[in-house]
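One structure below.
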Amino acid sequence: MSNSRCYLEINRNNFRHNVIGLQKILPAQTKILGIIKANYYGHGDLEMAEIMQQQGVNDFSVATLREAVSLRQRGLKGSLLVLGYVDRNDWLKAHIYDVIMTIASFDQIAEMTQLAKEKGVRFAVEVKVDTGMHRIGIDPHLPDDQLAMIYDNPNLQVIGTYSHLCRADSFAPEDVEFTHKQKDLYDQFLQRLKDKGYASGRTHLCASPGILNYPEFVYDFVRPGFMLLGFTVGEVRERYQRKPVMAWYSKVEMVKTLEADEGISYGHIYRTDRQRKIASLTVGYGDGYPRRLSNKGHVVINGVKVPIVGRICMDQMMVDVSDVDCKREDVATLFGEGYSVDELARDSETIVDEIVCDINERVERIYL
Ligand SMILES: Cc1ncc(COP(=O)(O)O)c(C=O)c1O
């Protein structure tokens with residue numbers, strides 16, 4: 001129990017359990033590249049990385065250079081890959097902070113080479129290959145001369161070649177077929193490199209859905225994000241028992257009794273049908289709680305699931321506690337025991353990733 005009005009409990013042991021569980025099911029030659037972007041989906045990037053490091057994981061990845069530099073400044077050791085865009089004015093900064101950049105399109109190459117020559121450096125890069133997601137990545141069928149400009153370039157140090165599956169979290173036959181097509185395209189590209197005598201560097205294809213649903217896709221690394229946090233996105237086969245890592249709590253600030261036909265919160269979109277006991281909770285959309293759960297979502301108070309009534313405000317929201325023994329300073333579980341984050345995401349018509357990424361800075365993180 002915390003003094004905070006709104007706080008997250010993050011269970012280190014459950015996270016460690018999930019990491020060890022993954023290590024046990026991976027083939028001997030496959031290592032973990034920890035995806036710790038977006039503050040590791042709100043769980044704490046460095047805190048989670050440290051636990052992974054204790055388990056022998058030394059390779060990490062984030063989405064932005066800002067995240068990478070912040071991690072380096074806070075002392076993260078090990079390899080660190082940026083998956084997304086890095087502005088050309090920041091390429092040297094990436095080099096200084098020992099950060100690997102992703103080559104997301106061929107257009108980058110000429111300028112990167114030029115800058116590397118001018119500054120007398122070799123940029124560490126990984127090549128992203130677009131095998132069908134059509135988000136970022138080079139065309140695997142790019143001409144031989146362009147291939148040479150990437151893989152036979154003294155100004156670039158190619159650390160790896162990777163791709164990303166976009167339909168691996170569905171067992172629908174057309175999705176399974178497409179996923180195999182992506183893998184085949186990736187393999188063919190790796191073979192093309194081999195035939196030309198180019199080194200691909202480290203290889204990796206699977207994020208959590210690929211790891212869980214396609215264990216036969218074996219490469220040097222896997223890129224787990226959500227699976228180590230114990231929640232689920234899409235359809236996945238459970239290959240070991242994963243434990244939830246995060247639970248979210250707020251407090252009961254006051255309890256009042258309202259007579260029939262009283263409106264609650266902005267706009268009075270909820271009105272009492274009879275005398276009701278209402279609790280005001282210390283959480284709102286200013287903490288990242290989804291406002292779309294107004295009049296729709298639930299929380300758990302003293303073991304009972306109770307409905308949110310009226311519009312969610314920036315810093316408070318109200319719940320109907322007519323049938324619960326409830327008083328000021330009681331704890332309300334926003335997700336955790338009795339109401340999982342998976343259920344909350346379903347009720348919000350979104351994925352858990354979005355829920356946990358939206359929980360913002362002012363919510364205290366307590367590491368158990
Ligand atoms: C390229 C890449 N790899 C790995 C991941 C981790 O994904 P997941 O959380 O599904 O494991 C992401 C997340 O979006 C990603 O963009």
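Order of listing sets the numbers, starting from 1, for every ligand and every atom in it.
Compare H164, R223, K128 by their heavy atoms: the one nearest to atom 15 (C) of ligand 1 is in H164. Between H204, K37, R135, M133, it is K37 that holds the heavy atom closest to atom 12 (C) of ligand 1.
Scanning the protein heavy atoms around atom 5 (C) of ligand 1, the nearest turns out to be A207 CB, 3.9 Å. At the top of the distance list for atom 11 (O) of ligand 1, counting protein heavy atoms only, stands S208 OG, 2.4 Å.
Under a 4.0 Å criterion applied to the non-hydrogen atoms of P209, ligand 1 contributes the atoms 10 (O). Annotation for ligand 1: atoms under 4.0 Å from non-hydrogen atoms of Y41 are 6 (C), 7 (O), 8 (P), 9 (O), 13 (C).
For CG of N3, the number of neighbouring non-hydrogen atoms (other residues, nucleotides, ligands) closer than 6.0 Å is 12 at most.
Y240 places none of its side-chain heavy atoms less than 4.5 Å from the side chain of K24. Side-chain contact check for I10 versus M48: some heavy-atom pair is nearer than 4.5 Å.
Only the backbone of P224 comes within 4.0 Å of ligand 1, counting heavy atoms alone; no side-chain atom from C-beta on gets that close.
A donor atom on one side chain and an acceptor atom on the other are not found under 3.5 Å apart for N13 and H17. Using modelled atom types and a 3.5 Å distance limit, the side chains of Q188 and D184 yield no donor-acceptor pair.
Proximity of the aromatic rings of F217 and Y186 is defined here by a centroid distance below 6.0 angstrom, and this criterion is not met.
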Legend entry - Worked check of side chain to side chain contact (heavy atoms under 4.5 Å, CB included) between L115 and E111: CA-CA 6 Å; L115 184 66; E111 259 180 281; over 6 Å; no
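Residue-to-ligand polar distances place G225 within reach of ligand 1: an N/O pair is separated by less than 3.5 Å. An N or O contact shorter than 3.5 Å links F226 to ligand 1 by distance.
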